[in-house]
Amino acid sequence: MYQNQGLTSSRMARLKYATDMDKSVLMNNFETRGWVPVSPDDDWNFYWANVQSIRNIFSVDCGYRLTDDQVINHFPNHVELTRKDLMVKNIKRYRKDLDKEGSLLAEKDENGRYIHLDFIPQTFMLPADYNLFVEEFRKNPNTTWIMKPCGKARGIGIFLVNKLSQLKKWSRDSKTNNFTPPTSKDTYVISKYIDNPLLIGGKKFDLRLYVLVTSFRPLKCYLFRLGFARFCTVKYNASINELDNMFVHLTNVSIQKQGDDYNAVHGGKWTVQNLRLFLESTRGKEVTDKLFDEIQWEIVHSLKAVSGIISNDRHCFECYGYDIIIDDNLKPWLIEVNASPSLTSTTSSDRIMKYKLINDVINIVIPPGQPPDVRWNRVPAKEHLGNFDVLYDEELAQQDMVSGDPKKAGTMFRGKRDGSRPSPATWK
Amino acid sequence: MGESNLSKSYMQSLIEDLRTSKLYTDLQNAAQAEISKPTIRLSEIKKGVQTGLTNSGWDRKLRNAIFNFLQTHPKVPYPVPPPEHVKEPLQFLRKAQLQWEKRILKSLNSMCTELNIPLARRRPDKEQKEMLQKWTELGIEGPDLSQIRPVYAPKDFLEVILGLQNPNYRTSDTAGFFAMWGIVQVPLKVKSIDELRLQYSDMAINQCQSGIDDFVDIPQELFDMERVKLGRKVIAANHGPIAQEFSKKGCPTSLREHLWRQILCIELDEVDVLYYEQLKVNVLQHDLLVDSLLYKDVKLTATNDDQYFVFEDFLYQVLLPFSRDTHVLKHFSQNSATPPRSYIRGKLGVDEFMVLYPPNGVIPFHGFAMYVAPLCYLYKETITLYYVFREIYIRFFYRLHSISSHPQGIVALSLLFENLLQTHEPELFFHLKSVGCQPLKVAFKWLVRAFSGYLSSDQVLLLWDRVLAYNSLEILPVLAVAIFSFRKTNLMKVQSYNAAEAVLADLTTLQVIPLIQLSLFSK
């Protein structure tokens with residue numbers, strides 16, 4: 001394969017890219033590689049598209065056919081994972097399916113909660129599940145809930161609810177005269193608010209982790225080591241008076257940026273390494289390892305939940321932004337998955353990190369030294385992983401199982417916990 | 001411990017110190033409890049009580065207390081020198097320190113006059129209540145700091161050190177006799193690389209270390225797990241010297257906070273909690289000018305630091321009470337510095353109206369908060385954080401900003417840095433010197449802050465492991481030299497001070513332990 005390196009590298013030099021986004025971390029990467037910019041309508045090899053373009057390219061009417069040397073950064077129906085209501089629906093269905101199969105993964109405790117798969121806060125769709133929600137609300141009337149519009153990102157349209165009266169608008173009654181099914185614009189998900197978040201320095205934070213998927217069937221996914229924690233600028237306060245103060249509750253940088261206390265030098269961002277150092281020093285290694293193992297576990301299962309439903313187009317890869325909140329029992333909760341995590345850099349270390357992210361993504365989807373070819377086996381060389389770690393490779397795991405080398409299968413899932421549950425490898 | 005070679009007077013002061021400690025009464029009570037036990041035989045009462053005390057762990061506590069005393073009190077030579085010689089034996093350095101203090105005070109006073117703010121004022125009750133309410137979030141609405149400026153920065157202090165001259169010693173302009181390329185002019189005896197190799201022999205390349213052999217890509221079974229297992233045993237033994245010996249190869253992250261507390265002999269009880277609460281009340285009652293300096297310092301350093309901003313509020317909860325803590329004054333018996341004095345208005349010079357200002361005698365400078373910041377990763381309880389910081393400060397960090405001839409003082413550390421660099425990287429030193437970049441001008445700030453804020457947080461902790469374990473700050477110049485060696489290729493290309501500074505601006509990617517090994521053991 002390597003004898004005509006000269007030929008391939010000269011062909012490499014002509015690699016053509018298109019992008020919908022004029023982001024410096026993208027452009028710098030493309031330019032460093034000596035790639036040539038072309039319009040999205042031309043013959044590109046690599047297209048970093050926004051989700052609208054994806055919809056057009058893969059729509060039935062368009063009839064666009066991608067060739068073997070074209071790679072694009074979204075799966076056609078990624079919304080199954082990245083729209084809040086669909087993700088919840090798919091995870092619920094996944095758990096039910098496993099339960100039916102009698103899988104040990106779907107084991108439940110005495111309260112009927114899944115032991116291993118209880119990783120999203122209890123959630124209902126509105127208006128569809130309004131009655132179910134009301135039933136649940138009455139069971140625990142003192143809980144706070146968080147309302148999020150399904151199709152929006154960056155904290156837009158989010159508010160907290162602790163009285164049913166705040167939801168009259170979404171009740172079945174007000175919709176009786178309206179027979180048109182609601183579009184994603186006016187559907188909401190309502191989730192139990194994690195009101196006991198882990199606080200550090202008295203402040204709330206969430207985790208933003210980057211996960212690259214190069215194939216759903218078989219599942220091949222990678223976790224980026226340089227994730228970060230995003231801190232609120234204001235001290236956390238669960239009291240009802242502060243329910244309207246979004247600086248207390250939402251960690252989205254786009255929200256926090258508007259606050260008076262926003263610091264432009266670090267942007268309220270703390271590296272996962274620092275978080276780990278703090279937790280390991282103050283709480284011990286075992287619980288910290290367990291937390292990070294659980295985070296990996298949740299990511300893998302959220303992907304498995306949609307792996308059957310995503311149209312596994314071999315031209316596609318996708319880099320997701322996972323949002324995770326850790327509660328004060330050190331349990332991680334998957335909040336949502338973003339299809340287009342922000343590539344805007346708020347600080348200089350942010351820019352470096354995002355530059356590396358894109359660089360490493362490209363190295364994994366188009367192995368350096370080879371022309372783009374969607375028929376390749378999608379097993380990147382170790383030295384091309386950069387800051388990514390293999391989170392799970394279904395194909396390799398199965399091969400190792402078959403070849404009877406369980407130790408090698410353990411490169412992805414090391415050790416077994418409580419019999420049924422493999423624990424993912426620890427990462428730092 | 002073998003034959004004691006401690007002088008009689010030293011033993012006496014040790015015994016006196018123990019007598020006045022809380023441990024003494026505790027021990028007495030415990031002994032009494034032992035005596036009243038029915039199992040004790042009257043004929044063997046002494047032996048019985050002693051075994052009882054040993055079995056109930058009091059013997060360990062006593063040993064730890066003695067260990068603590070030995071660590072913090074230098075052996076006094078005979079005949080006993082006058083107290084000012086204990087502080088600093090060389091007269092010209094004593095004078096220089098005194099003058100430096102005068103300068104600091106003058107600048108502090110002129111800031112007071114200029115801004116028309118008092119050194120101290122009593123807070124009205126209402127303000128006290130408000131402050132108490134937001135005690136855990138003092139960072140949000142601090143005082144107005146726009147006019148406040150740090151009293152001095154490491155750069156100013158370096159100027160003073162460079163100006164030091166021994167009047168009995170001629171650093172002749174004629175080359176030859178004392179041909180040092182460096183800029184520290186004070187001849188002090190500092191260690192050679194061979195002596196350092198011996199001192200740090202536990203860090204040798206053939207010894208497994210926390211900070212190298214516990215990296216992610218090395219299987220845990222090879223080192224990490226065994227190390228943690230051993231560490232747990234060490235902690236269970238609860239004896240300072242053992243913890244210290246163990247830490248020479250670095251502390252596993254999850255055990256560090258405990259090991260450090262054992263090395264520093266910090267065991268908190270209710271008295272310590274009360275004491276901290278009292279300091280807090282003192283903060284609430286009086287507003288001091290140093291508070292603004294501390295606030296300003298946190299805002300200028302930790303608040304803007306992407307590793308430490310999270311802990312901003314903890315820093316106030318440590319630094320403000322620290323400035324009120326008169327326990328800190330004790331360390332001035334060994335420190336060449338003397339706590340600044342102030343007089344009640346209108347009574348200047350009258351001794352009865354003299355107060356020490358601030359109450360702990362320490363005037364913060366730019367970067368002071370960074371002595372606390374890395375500790376925030378270890379202690380989530382403010383009180384523990386407070387006492388650990390206080391102990392580390394009065395054992396080590398005060399030496400980094402006072403002028404003395406002590407081998408761990410900043411002057412000797414600077415000289416050690418220059419000597420090592422000149423001896424082992426003469427080409428590099430000469431190049432930098434000839435393009436107008438004296439290496440110490442870059443490295444000085446690292447030394448003064450013990451690298452806090454320059455390295456990444458985990459690396460600072462690994463470095464401080466060794467400071468505590470070897471009971472010495474000499475590891476700081478060793479690391480500084482190692483960094484210069486490591487970046488040598490790029491430094492050899494620079495043609496100006498700014499370019500050299502740029503090469504050395506970002507140290508956050510460095511792994512300190514391999515670097516130190518490289519410079520100590522590779523040649």
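Below, chain A is the first sequence line, B the second, and so on; all start at residue 1.
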- Message: How about CZ on B:F486, more than 12 heavy atoms from neighbouring residues, nucleotides or ligands closer than 6.0 Å, or not?
- Response: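 No, not enclosed.
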Within 6.0 Å of NZ in B:K229, more than 12 heavy atoms from elsewhere: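 Counting neighbours around NZ of B:K229, 12 or fewer heavy atoms of other residues, nucleotides or ligands fall under 6.0 Å, so no.
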Least distance between heavy atoms, [X] atom then [Y] atom:
X	Y	result
A:G201	B:F314	CA-CE1, 4.0 Å
B:N304	A:H266	C-CD2, 3.7 Å
A:F278	B:K380	CZ-CB, 4.3 Å
A:L277	B:T253	CD1-CG2, 3.6 Å

Margin query: What I'd like to find out is whether the side chain of A:N274 reaches to under 4.5 Å of the side chain of B:Y377, using heavy atoms alone.
Written below: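 A side-chain contact exists here, since the closest heavy-atom pair is under 4.5 Å.
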Compare all side-chain heavy atoms of B:V310 with those of A:F205 and state whether any distance is below 4.5 angstrom.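 No; the side chains remain at least 4.5 Å from each other.
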If I measure from the heavy atoms of chain B, does [X] come under 4.5 Å with its side chain, its backbone, both, or neither?
X	value
A:F231	side chain
A:N263	side chain
A:K203	side chain

- Task: Check the pair A:K285 / B:D224 against side chain to side chain contact (heavy atoms under 4.5 Å, CB included), numbers first and verdict last.
- Result: CA-CA 11 Å; A:K285 188 166 167 54; B:D224 206 25; 3.7 Å; yes
Can you tell me how far [atom2] of [Y] sits from [atom1] of [X], rounded to the nearest 0.5 angstrom?
X	Y	atom1	atom2	result
B:C376	A:I200	SG	CD1	12.0 Å
A:T271	B:Q307	OG1	CD	7.0 Å
B:S457	A:Q273	OG	CD	9.5 Å

Side chain / backbone / both / neither for [X] at chain A, heavy atoms under 4.5 Å:
X	value
B:T303	both
B:D458	both
B:L255	neither
B:E257	side chain
B:C251	neither

Please confirm whether the ring centroid of A:W270 lies under 6.0 Å from the ring centroid of B:Y308.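 For A:W270 and B:Y308, the ring centres are not under 6.0 Å apart.
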